[in-house]
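The structure appears below as structure tokens.
Computation of the quantities below employed the complete heavy-atom set of this structure, encompassing side-chain atoms and omitting hydrogens, waters and symmetry-equivalent molecules. Just so you know, ligand 1 is whichever comes first in the structure, and atom 1 is the first atom listed for that ligand.
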Amino acid sequence: MTFAATILTLYPEMFPGPLRLSLAGRALEEQKWSLDTIQIRDFATDKHKNVDDTPAGGGAGMVLKVDVLAAAVDHAKRMQPMAPILAMTPRGKPISQTRIRELSDGPGVTILCGRFEGFDERVFEGREIEEVSVGDIVLSGGEPAALIILDACIRLLPGVMGAASSGTEESFEEGLLEYPQYTRPQEWEGRTIPEVLRSGDHAKIAAWRKQMSEDHTRLRRPDLWDRYNGDRD
Ligand code: SAH
């Protein structure tokens, strides 16, 4: 089954963008996923094709108009009735690998990209839309955020990644960060690869990796570490 991605944007030329290359690009050619862009401006109703207007109450910037957004969202919903609709917004729920996995297991995803100051609030009241953030940063538009979500979903689709295990043994999949990786040369600027990795003792290697994962998570991401320990209790 093809994973159907639909992007609502004022800049359809930004897609597939980097997803034209490498793993995602090959998967697109092989029709493991499909891409449709919807130009939000096509749903403007006035003769100037306005999509934005000044904020009620005053202030800087422009706000995307609710009637235009809703018409574009309704159109996307008719095209892909089963796909969840995500809106990219800094105040949304931070995206997680768990949510990415759920999305990639589903029929596809519809992503609404903001610009300017963002969306008229009423679109979230009048339509079923999941607000998602890609981190505590502010982008100039939702398009790079949509590319992040798509990239993360596509690599998990069946047959996209080489070895099946490379999907599950990764940062966040077990609630931990990944252990450090090494490859040849054995010695570089006086630094060697940890001896245990050359021992051939698979149990010992697995134990070392687990320990490193836990150490790194505890030191670098106390938030993940607390959750990991909470889950084990
Ligand atoms: N005024 C908004 C920021 C608007 S940035 C605020 O203060 O919250 C313009 C658009 O970029 C947003 O509508 C959103 O679609 C996108 N965007 C910016 N930062 C983002 C983030 N961290 N995650 C997801 N989308 C983001």
* To do: Start with the C-alpha distance between L19 and W33, add both sets of side-chain angles, then the distance that settles side chain to side chain contact (heavy atoms under 4.5 Å, CB included), and finish with yes or no.
  => CA-CA 11 Å; L19 301 182; W33 66 289; 4.1 Å; yes
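- In terms of polar-atom proximity, V138 is not counted as a contact of ligand 1, lacking any N or O under 3.5 Å from an N or O of the ligand.
- If you look at A145 next to ligand 1, the close heavy atoms, those under 4.0 Å, all belong to the side chain.
- For atom 26 (C) of ligand 1, the nearest protein heavy atom (residue, atom name, distance) is P90 CD, 3.8 Å.
- At least one N or O atom of E117 sits closer than 3.5 Å to an N or O atom of ligand 1.
- For atom 4 (C) of ligand 1, the closest non-hydrogen atom on the protein side is F116 O, 3.4 Å.
- Near G118, meaning under 4.0 Å from any of its heavy atoms, are these atoms of ligand 1: 13 (O).
- Against a heavy-atom cut-off of under 4.0 Å, S133 is close to the following atoms of ligand 1: 22 (N), 23 (N), 24 (C).
- Residue-to-ligand polar distances keep C113 apart from ligand 1: every N/O pair is separated by 3.5 Å or more.
- The single protein non-hydrogen atom nearest to atom 24 (C) of ligand 1 is T89 N, 3.5 Å, given as residue, atom name and distance.
- Each of the following atoms of ligand 1 lies closer than 4.0 Å to a heavy atom of G114: 10 (C), 13 (O), 15 (O).
- Nearest to atom 14 (C) of ligand 1 among the protein's heavy atoms is M88 O, 3.0 Å.
- The closest donor-acceptor contact from the side chain of T9 to the backbone of Y11 lies under 3.5 Å.
- The existence of a salt bridge linking K77 and D74 is excluded, since no basic side-chain nitrogen approaches an acidic carboxylate oxygen closer than 4.0 Å.
- If you number the atoms of ligand 1 from 1 as listed, the ones under 4.0 Å from a heavy atom of V132 come out as 24 (C).
- Not a single N or O atom of F119, backbone or side chain, sits closer than 3.5 Å to an N or O atom of ligand 1.
- The nearest heavy-atom contact from the protein to atom 19 (N) of ligand 1 is L139 N, 3.0 Å.
- Looking only at heavy atoms of the protein, atom 23 (N) of ligand 1 is closest to V134 N, 3.1 Å.
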